[in-house]
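Here is the structure we will look at, set down as structure tokens.
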Amino acid sequence: LFRYPFSPHPQRLNKSNPSSTYEEGNKWYQSNRETMSTYQPEDSRKVTTHRLREMKERGEKIAMLTAYDYTMATLVDSAGMDVILVGDSASNIMAGNTTTLPITLDQMIYHGKSVMKAVKRALVVVDLPFGSYQGNPMQALDSAIKVMKITHADAIKVEGGSEISESIQRILSAGIPVMGHLGLTPQSINKFGSYNVRAREEAEAKKLIADAHLLEELGCFAIVLEKIPATLAERVASELSIPIIGIGAGGNVDGQVLVLHDMLGLNEGFRPRFLRLYAEMGQAVRASVGQYITDVKTRDFPNSEEQY
């Protein structure tokens, strides 16, 4: 998914309100907790690719977030998430790389295994990383089989259209569900040269539409559209029968996906236009850690009730 060049030490967006103490962080949480709703899905059955298609048919929006580890996946799944993406954005979020390109297939499998141990309801999709499927259909199949056998995930995701059609066909021939990804495809960032909105020009927009139809014809169960004009995304969603999940693609698609750490405010300083911030956990974590340090150094922790 979409990532600006990532810095392991980002600057805070609002330096005038650093929330550097425990009291300030806790005050923010208490002031917002009452307005946060707790979603309870009506159907507790395991989400499948077929059920996603049913959700589109009845007009129910699909909610999708990333997760890369057991603890976060447990929380995301128990909240009622429909789809969890083990994204190659783990390269940025978990490893501190500037792009998604460095992450390996074995590293994606590690994250996928961790997430699958936690999930009970959500459909879990694992990204195939750069270099594991693009140029060789047999390599693509081997990569997908390895992911499915070791992680026990429900599906895989690949970036691209007609250029990788043979790889998609080969993977699908083994009965492995495939989610497509068009628009801004971060694994091609060196070709694009920037993270700007894609498919603004007529030629690129026409190719995206053609690729979307091709992915559906090949048998993909859903497509992610990333950072493209909202009107174009709406057209694709209306023309295809499979679910279209958007990120920076407007609200008239079948669902939305965000990077978990971004929407929770853990990736401080990252505030693209399409991101809605649901928490300031970066501030809360820093405040809590700071208070712990203070308590240790002032001999306040542990007290008599926190020892044996």
Side-chain angles (χ1 to χ4, degrees), residues 1-10 12-13 61-77 79-103 107-108 110-112 114-115 118-119 122-130 153 155-159 179 181-189 195-198 222-228 233 244-251 253 255-285:
L1 292 175
F2 172 65
R3 309 295 307 160
Y4 284 126
F6 176 84
S7 169
H9 307 288
R12 264 173 280 174
L13 184 67
K61 296 292 186 179
I62 298 165
M64 177 171 166
L65 278 176
T66 62
Y68 316 104
D69 64 87
Y70 175 85
T71 302
M72 282 297 199
T74 299
L75 296 172
V76 172
D77 184 57
M81 192 58 53
D82 299 314
V83 184
I84 292 177
L85 173 65
V86 185
D88 59 1
S89 49
S91 178
N92 312 99
I93 296 295
M94 307 302 288
N97 296 315
T98 57
T99 72
T100 62
L101 273 63
I103 199 164
Q107 288 172 323
M108 289 303 303
Y110 166 81
H111 290 294
S114 300
V115 168
V119 172
L123 180 86
V124 177
V125 182
V126 177
D127 268 338
L128 289 190
F130 174 74
I156 58 96
K157 181 168 77 64
V158 293
E159 296 181 6
M179 175 181 282
H181 186 152
L182 299 171
L184 178 62
T185 49
Q187 291 179 12
S188 302
I189 185 57
Y195 290 92
N196 294 335
V197 175
R198 305 305 309 175
I223 300 173
V224 170
L225 293 182
E226 183 162 355
K227 213 177 183 198
I228 67 171
I244 303 300
I245 313 297
I247 174 168
V253 289
Q256 299 293 326
V257 58
L258 286 174
V259 172
L260 177 65
H261 292 64
D262 294 345
M263 57 89 75
L264 293 179
L266 286 166
N267 186 14
E268 296 176 304
F270 181 71
R271 300 292 187 271
R273 180 175 179 177
F274 64 78
L275 175 65
R276 180 176 293 182
L277 200 62
Y278 285 85
E280 288 282 7
M281 288 186 64
Q283 295 180 3
V285 169

(request) Using a 4.5 Å cut-off on heavy atoms from C-beta on, say whether the side chain of Met281 contacts that of Asn267. (result) no
(request) Kindly give the heavy-atom pair with the smallest separation between Ile84 and Ala73, and that separation in Å. (result) CD1-O, 4.2 Å
(request) Decide, yes or no, whether a salt bridge links Glu226 with Lys157 under the criterion of side-chain N to carboxylate O below 4.0 Å. (result) no
(message) Would you say that Leu65 contacts Leu258 through its side chain, given a criterion of any heavy-atom pair below 4.5 Å between the two side chains?
(response) yes
(request) Mind running side-chain contact (heavy atoms from CB on, under 4.5 Å) on Leu184 and Tyr195 for me, showing each step along the way? (result) CA-CA 7 Å; Leu184 178 62; Tyr195 290 92; 4.2 Å; yes
(request) List the atom of Leu225, the atom of Ala249, and the distance in Å for their closest heavy-atom pair. (result) O-CB, 3.6 Å
(message) How long is the straight-line distance from CE of Met94 back to OH of Tyr110, given to the nearest 0.5 Å?
(response) 7.5 Å
(request) Answer yes or no: is there a side-chain heavy-atom contact under 4.5 Å between Ile156 and Met179? (result) no
(request) Please determine, by modelled atom types, if Asn97 and Asn92 share a side-chain donor-acceptor pair under 3.5 angstrom. (result) no
(message) Tell me the closest heavy-atom pair linking Ile228 and Gly183, and the distance in Å.
(response) CG2-CA, 3.6 Å
(message) I'd like to check Val224 versus Ile247 (side-chain heavy atoms, cut-off strictly below 4.5 Å). Are they in contact?
(response) yes
(message) Any heavy-atom pair between the side chains of Thr99 and Pro186 that's under 4.5 Å?
(response) no
(message) For the CD atom of Glu268 and the CG atom of Asp262, what is their distance to the nearest 0.5 Å?
(response) 11.5 Å
(message) To the nearest 0.5 Å, what is the distance between CG on Leu260 and CE on Met72?
(response) 5.0 Å
(request) Just do the side-chain contact (heavy atoms from CB on, under 4.5 Å) check on Val115 and Tyr70 with the steps written out, would you? (result) CA-CA 5 Å; Val115 168; Tyr70 175 85; over 6 Å; no
(request) List the atom of Thr74, the atom of Ala118, and the distance in Å for their closest heavy-atom pair. (result) OG1-CB, 3.1 Å
(message) Can you list everything that forms a side-chain hydrogen bond (donor to acceptor under 3.5 Å, both in side chains) with Gln187? Sequence neighbours excluded, please.
(response) Asp88, Tyr133, Gln134
(request) Hey, could you give me the CZ/OG1 distance between Phe130 and Thr185, rounded to the nearest 0.5 Å? (result) 11.0 Å
(request) May I ask you to check whether His261 and Tyr68 place their ring centers less than 6.0 Å from one another? (result) yes
(message) Restricting to non-hydrogen atoms, name the atom on Leu275 and the atom on Phe270 that form the minimum distance, rounded to 0.1 Å.
(response) CD2-O, 3.4 Å
(request) Supply the atom-to-atom distance Leu75 CG to Met81 CE, rounded to the nearest 0.5 angstrom. (result) 11.0 Å
(request) Indicate yes or no: at least one non-hydrogen side-chain atom of Lys61 is less than 4.5 angstrom from one of Gln256. (result) no
(message) Do Asp127 and Leu85 have side chains that approach each other closer than 4.5 Å (heavy atoms only, starting at C-beta)?
(response) yes
(message) Could you check whether Asp69 and Ser114, counting side-chain N and O atoms only, form a donor-acceptor pair closer than 3.5 Å?
(response) no
(request) Could you pull out the closest heavy-atom pair between Gly112 and Val126, with the gap in Å? (result) CA-CG2, 4.4 Å
(request) Answer whether the closest heavy-atom distance between the side chains of Val257 and Val83 falls below 4.5 Å. (result) no
